[in-house]
Colleague: 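Structure incoming, see below.
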Amino acid sequence: MRFRKIHGAGNDFILFTDPGPRAGTDWAKEAERLCARRTGVGADGLVVSRFVSPTSTVLDVDCFNADGSTATMCGNALRCAAWAAQCDQGFRTMQLRMAGVMHEATVDADSVWVTADVGAIQPRVLQTVINGRPTWFDSAHTGTEHVVAVVENVDAIHTEVVGRVVRHHKNVAPLGTNVNFVQHLGGQALKIRTYERGVEAETLSCGSGAVAAVVIATMRGLVARREVTVHNEAGEPLTVRPHDDHPNRAAWVGGPVTQTFEGVLA
Ligand SMILES: N[C@@H](CCC[C@H](N)C(=O)O)C(=O)O
C-alpha cells in the first residue's frame, strides 16, 4: 500500500489517498504502529483521504493521532489532504469532510487554506502555575478542544511539562484538551507553542490551535479581527483570517504543505 509522508508547516502525517475499501483495516491500530518514531514511519498522525465519488470534488478525510485516537478536526491534516488532491486530480478548490463536518479548501501556489469552525469560547477555564506565576487558560473550540494561555515569552515555558499537566486538568475532563501557549509579538503577529493531545507531545505546528490562539487573542483585544500571522516552532508560520461569509463562526487557516517522500508499506 502506497503512502505519502507529508507535513503541514511541520505537523507531519502519513497520508493514504483513496486506499480502496480495505474493510478489515483497523486504522487506529495502524496509526499507533506507523506513527511510532523509532519503529514505524514516524509522524504526528495518520490520515486517510477518499473522494466520495469518482466525479466529485468532495473528500472524506479521517485523521488518527499518533496514539490511535480519532481527531475530530485537524487543520494541518486537511491542508495536506487538499494539497494531495490538487496534486493528483488538479482541483484547486474542494470540500473536505472530517468527523461529519464540512470544510472548504483552496490550494494556492504557495499556501493551502482550509476552513475551521469556531465554536464555544470559555474564558478562564483553568489556572496553573507556570514558572512561579499563576496563569489562566481560556478555552476555544475550533472543531476540537483547545485551551490557550497568553504568556510573555513562549520560549521560557517547558511546553511538554506544563502541557501534560494542563491536558489532564480536572476542569477539562473527561475529554482533555490540546494546550497552546501564545505570545503577542505586536501588531497582527503571534508566536505559539502547542502540546497536542493524542500525540502527547509538543508538535511543530497545529492548524486548529492557531485558530484557537487567534480567537482568544482577538477576544483579549491583542489583535484586530483580520488576518493574523501565527509563528510556530517549525519556522513556517500559519495565517489565520476570518471567513468572509460568517466571520464569527469560521476562519481560514493557511500555510505551506511539503511532501517529504512517498513509500510502500512492507
Ligand atoms: N494538529 C492538528 C490538531 C490535531 C487534533 C488534536 N491532536 C486532537 O486530537 O484534538 C491541527 O493541525 O489542527
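When a residue number appears, it is its place in the shown sequence, counting from 1. The model shown is predicted, which means the values in this text are computed figures rather than measured ones.
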Colleague: How far does CG of Leu59 sit from CD of Gln89, to the nearest 0.5 angstrom?
Modeller: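 If we round to the nearest 0.5 Å, Leu59:CG and Gln89:CD are 8.5 Å apart.
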Colleague: Using a strict 4.0 Å threshold on nitrogen-to-oxygen distance, state whether Arg193 and Glu202 make a salt bridge.
Modeller: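 The answer is yes: the pair qualifies as a salt bridge.
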Colleague: Report, one line per pair, each donor and acceptor closer than 3.5 Å where one atom sits in a side chain of residues 231-244; sequence neighbours left out.
Modeller:
{"residue": "Asn232", "atom": "OD1", "partner": "Ala234", "partner atom": "N", "Å": "3.1"}
{"residue": "Asn232", "atom": "OD1", "partner": "Gly235", "partner atom": "N", "Å": "3.1"}
{"residue": "Asn232", "atom": "OD1", "partner": "Glu236", "partner atom": "N", "Å": "3.2"}
{"residue": "Asn232", "atom": "ND2", "partner": "Glu236", "partner atom": "O", "Å": "2.8"}
{"residue": "His243", "atom": "ND1", "partner": "Asp245", "partner atom": "N", "Å": "3.1"}
{"residue": "His243", "atom": "NE2", "partner": "Glu104", "partner atom": "OE2", "Å": "2.8"}

Colleague: Which one of Thr194, Thr177, Asn180 satisfies the side chain to side chain donor-acceptor pair (under 3.5 Å) criterion with His146?
Modeller: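 Between His146 and the candidates, side chain to side chain donor-acceptor pair (under 3.5 Å) is satisfied uniquely by Asn180.
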Colleague: Between Lys191 and Asp155, is the closest basic N to carboxylate O distance under 4.0 Å?
Modeller: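 Yes.
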Colleague: Who else is in the cluster with Val165 when I, L, V, M, F, W and Y are joined by side-chain contacts under 4.5 Å?
Modeller: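 None; Val165 is a cluster of one.
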Colleague: Taking Arg37 first and then Asp44, would you say they form a salt bridge - that is, a charged N and a carboxylate O separated by under 4.0 Å?
Modeller: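 Judged by the 4.0 Å cut-off on N to carboxylate O distance, Arg37 and Asp44 do form a salt bridge.
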Colleague: Any chance you could measure Phe181, atom CZ, to Leu190, atom CG, to the nearest 0.5 Å?
Modeller: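 The CG atom of Leu190 is 15.0 Å from CZ of Phe181, to the nearest 0.5 Å.
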Colleague: Does a salt bridge link Glu196 with Arg167, judged by any charged N lying under 4.0 Å from a carboxylate O?
Modeller: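 Looking at Glu196 and Arg167, the cut-off is not met.
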Colleague: Inspect the contact between Asp138 and Arg124 and indicate whether a charged nitrogen and a carboxylate oxygen are less than 4.0 angstrom apart.
Modeller: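 Between Asp138 and Arg124 there is no salt bridge, as every charged N stays at least 4.0 Å from the carboxylate O atoms.
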Colleague: Using a strict cut-off of less than 4.0 Å between a Lys/Arg side-chain nitrogen and an Asp/Glu carboxylate oxygen, indicate whether Asp62 and Arg97 qualify as a salt bridge.
Modeller: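 Looking at Arg97 together with Asp62, the answer is no, because their closest N to O distance does not fall below 4.0 Å.
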Colleague: Just to verify, which of Leu96, Asp117, Val58 counts as forming a side-chain contact (heavy atoms from CB on, under 4.5 Å) with Met102?
Modeller: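 For Met102, the side-chain contact (heavy atoms from CB on, under 4.5 Å) check succeeds only for Val58.
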Colleague: At their closest point, which heavy atom of Ala224 faces which heavy atom of Val228, and how far apart are they?
Modeller: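 The pair with the smallest heavy-atom distance is O-CG2, 4.3 Å.
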Colleague: Under 3.5 Å, is there a donor-acceptor pair between the side chain of Gln188 and the main chain of Glu227?
Modeller: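 Yes, Gln188 side chain to Glu227 backbone: donor-acceptor pair under 3.5 Å.
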Colleague: So, does Asn65 use its side chain to make a donor-acceptor pair with the main chain of Val199 at under 3.5 Å?
Modeller: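 No, Asn65 side chain to Val199 backbone: no donor-acceptor pair under 3.5 Å.
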Colleague: Hey, what do you get for OG1 (Thr106) to CH2 (Trp113), rounding to the nearest 0.5 Å?
Modeller: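 That separation rounds to 9.5 Å.
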Colleague: Would you call Arg33 and Glu30 a salt bridge, using N to O less than 4.0 angstrom?
Modeller: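 Yes, Arg33 and Glu30 are salt-bridged.
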Colleague: For Phe13, which residues count as a ring pair (Phe, Tyr, Trp, His ring centres under 6.0 Å) partner, sequence neighbours excluded?
Modeller: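 With sequence neighbours excluded, Phe13 shows a ring pair (Phe, Tyr, Trp, His ring centres under 6.0 Å) to no residue whatsoever.
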Colleague: So that I can tick it off, tell me whether Glu200 and Arg164 are bridged by a salt bridge, with the cut-off set at under 4.0 angstrom between side-chain N and carboxylate O.
Modeller: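 A salt bridge is absent here (no side-chain N lies under 4.0 Å from a carboxylate O).
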Colleague: Is any side-chain N of the basic residue among Asp18 and Arg50 closer than 4.0 Å to the acidic one's carboxylate O?
Modeller: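 A salt bridge is absent here (no side-chain N lies under 4.0 Å from a carboxylate O).
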Colleague: Kindly give the heavy-atom pair with the smallest separation between Ala9 and Arg79, and that separation in Å.
Modeller: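 Between these two residues, the closest heavy atoms are N-NH2, 3.6 Å.
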Colleague: Nearest 0.5 angstrom please: Met73 CE to Ser208 OG, how far?
Modeller: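 Going from CE on Met73 over to OG on Ser208, the span is 5.5 Å.
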